[in-house]
2 protein chains.
Amino acid sequence: MKGREFKDAMYDGLAKMLKSISNPARLEIIEMLSQGEKSVEGIVQATNLTIANASQHLQVLKNNNIVKSRKEKQYVYYSLVSDDFLSLYQHVIKYAVHEIAELEKIMNRQREDNKSLNAVNLDELETMIGNENVLLLDVRPSVEFEFGHITGAVSIPMNELMTHLKDFSKDKEIIAYCRGPFCVLADEAVKVLSEKGYKVRRLDEGYPEWKIKQLESN
Amino acid sequence: MKGREFKDAMYDGLAKMLKSISNPARLEIIEMLSQGEKSVEGIVQATNLTIANASQHLQVLKNNNIVKSRKEKQYVYYSLVSDDFLSLYQHVIKYAVHEIAELEKIMNRQREDNKSLNAVNLDELETMIGNENVLLLDVRPSVEFEFGHITGAVSIPMNELMTHLKDFSKDKEIIAYCRGPFCVLADEAVKVLSEKGYKVRRLDEGYPEWKIKQLESN
DNA sequence: CAAGTATTCAATACTTTTATTGAATACTTG
DNA sequence: CAAGTATTCAATAAAAGTATTGAATACTTG
């Protein structure tokens, strides 16, 4: 193989892989799957996609070795192929949110609307764990909590938050988190709770970021 | 801004950025620019692109804040916008080369052809520097060496290699490196030198990977 | 094994990306 | 300021990616 052929083959292959993740619908699917495996139906419910379209995007991701599937009963469950990919995906997000002015602006506007501008990051969180006066709140659906969560977190899915208000003390500092920087559940939680007079901030990132950080520090 | 709008805006923006680097020609341009700034003409010489086409791709990268340009005399020089991007790009390469079977196969075939299968990685290299019996050889064009190189390396551009053969001792172990895993200069150097009976291996990665590693360990 | 459900496939129209061509612009140098 | 060079722009045709639709498949359950 000549040098030019080798280069072309490598860059073509690389571009093909990158293309497979360069689509808003597929990025959202990846984000969903970073919480754990989901059926096609589960993905459809969380996104605006039709079933056929979601299935098609999943095939693209599968052909590029980003996701894998297993069949159980009538359902097909998809999940990310490896933590190495998850780590790469998070690097992309982190770069985009910090280095692309346009995206940073959109994110700040969103956080402003939800009074969640002064977010806590993972490093800060670490100094807070074990502190009696801090309550770490996981507002994702409970399936996702059960699949994995940040050590010490309490699960109260967003849609049950209002009925659990009485459980919270207004003296404690509440840190709400969900799926990651793009997830709006924690923003909503901050909005609701702060309007009721609680001390609450959101975690900048989410469960998968915490998980990868744990893995990488070992 | 409602949750759905926010998500759509973020995923659209993210996809747009990823699309800008999901093209073989643009990936090759990025690789060139990771060695230092280059004029449009310089990029054209190193690739198979026409001038107009290269310029067009450069505009795409510029609009997505991947590269920046400056004008000096008649020439426009392009360079990568930040080391943060370079670090992300290298994460992508590393993932692709290790996790995508197809690309791994192409790379191994290439290395086999050039007798450079048992490459040295950056960690191993670190244990070798200062060793009198190891010669670290930079075979990139000398402009690139001057722009920056691995500490302790000696510059002998690939096209001058044959005329410098007499300078090498067959007792020393030679480690050849160039622009990175996709660069074929080091492979060629290994082929030539090993056929002449020298003890030679290539470095798995290249100058930019070394540089980012230095930056990140501080 | 018939009915029902989950998923994929195949075909289509639509949109976006890409390479190519030739002209336009901007700058330098004699 | 005319001639030459480097780069970009604009228009086009070809190729690739995307969403939608309806049919086909595969599996479960009664």
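A note on names: the letters A, B, ... follow the listed sequences, proteins ahead of strands, and every chain is numbered from 1. For the numbers below, each heavy atom of this structure counts, side chains included, while hydrogens, waters and symmetry mates do not.
Side-chain contact between B/Y177 and B/D138 is present, with at least one heavy-atom pair separated by less than 4.5 Å. Under the 4.5 Å side-chain criterion, counting only non-hydrogen atoms from C-beta, A/R4 is not in contact with B/V184. For the pair A/Y77 and A/E72, the minimum side-chain heavy-atom distance is below 4.5 Å. Side-chain contact between A/L33 and A/I43 is present, with heavy atoms from C-beta onward closer than 4.5 Å.
With sequence neighbours left out, B/E37 forms a salt bridge (Lys or Arg N to Asp or Glu O under 4.0 Å) with B/R70. Scored by the salt bridge (Lys or Arg N to Asp or Glu O under 4.0 Å) test, A/K38 finds A/E144 as partners (sequence neighbours excluded). When the ring pair (Phe, Tyr, Trp, His ring centres under 6.0 Å) test is applied to B/F182, the partners found at least two apart in sequence or on another chain are A/Y11. Contacts of B/D84 classified as salt bridge (Lys or Arg N to Asp or Glu O under 4.0 Å), with partners at least two apart in sequence or in another chain: none.
OP1 and OP2 of D/dT8 both lie 4.0 Å or more from every side-chain N or O belonging to B/Y75.
Taking a 6.0 Å sphere around NZ of B/K94, one finds it holds 12 or fewer heavy atoms contributed by other residues, nucleotides or ligands.
Residues B/K115 and B/E195 are paired through a salt bridge, judged by an N-O separation under 4.0 Å between the basic side chain and the carboxylate.
Among residue pairs with one or both ends in residues 86-108 of chain A, those qualifying as ring pair (Phe, Tyr, Trp, His ring centres under 6.0 Å) are A/H91-B/H91, A/Y95-B/F85; sequence neighbours excluded. The list of side-chain hydrogen bond (donor to acceptor under 3.5 Å, both in side chains) pairs with a residue in residues 182-191 of chain A, not counting sequence neighbours, reads A/Q110-A/D187, A/S116-A/D187, A/D187-A/R202.
When heavy atoms are screened at a 4.0 angstrom cut-off, A/Y78 is found touching the sugar-phosphate backbone but no base atom.
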Can you give me the dot-bracket string for DNA chain C, 5' to 3', counting Watson-Crick and G-U wobble pairs with both distances under 3.5 Å, using [ ] for crossing pairs and | for partners on another strand?
||||||||||||||||||||||||||||||
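Contacts of residues 45-58 of chain B with DNA chain D (heavy atom under 4.0 Å): B/I51, B/A52, B/S55, B/Q56. Within residues 59-67 of chain B, the residues having any heavy atom closer than 4.0 Å to DNA chain D are, in order of number, B/Q59. Within residues 23-37 of chain A, no residue approaches DNA chain C, by heavy-atom distance under 4.0 Å.
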With a 3.5 Å cut-off and sequence neighbours excluded, list the donor-acceptor pairs that the side chains of residues 148-163 of chain A form with protein atoms.
| from | atom 1 | to | atom 2 | distance (Å) |
| --- | --- | --- | --- | --- |
| A/H149 | ND1 | A/F145 | O | 2.9 |
| A/T163 | OG1 | A/E160 | O | 2.9 |

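Across B/V67 and B/L58, no two heavy atoms sit closer than the pair CG2-O, 4.0 Å.
Side-chain polar atoms of A/S87 and A/E216 form a donor-acceptor pair below 3.5 angstrom.
Atom-to-atom, CD1 of A/I43 to C1' of C/dT7 comes out at 12 Å; the value is rounded to the nearest Å.
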Base versus backbone protein contacts along nucleotides 24-30 of chain D [heavy-atom cut-off under 4.0 Å; B, S, -]
--SSS--
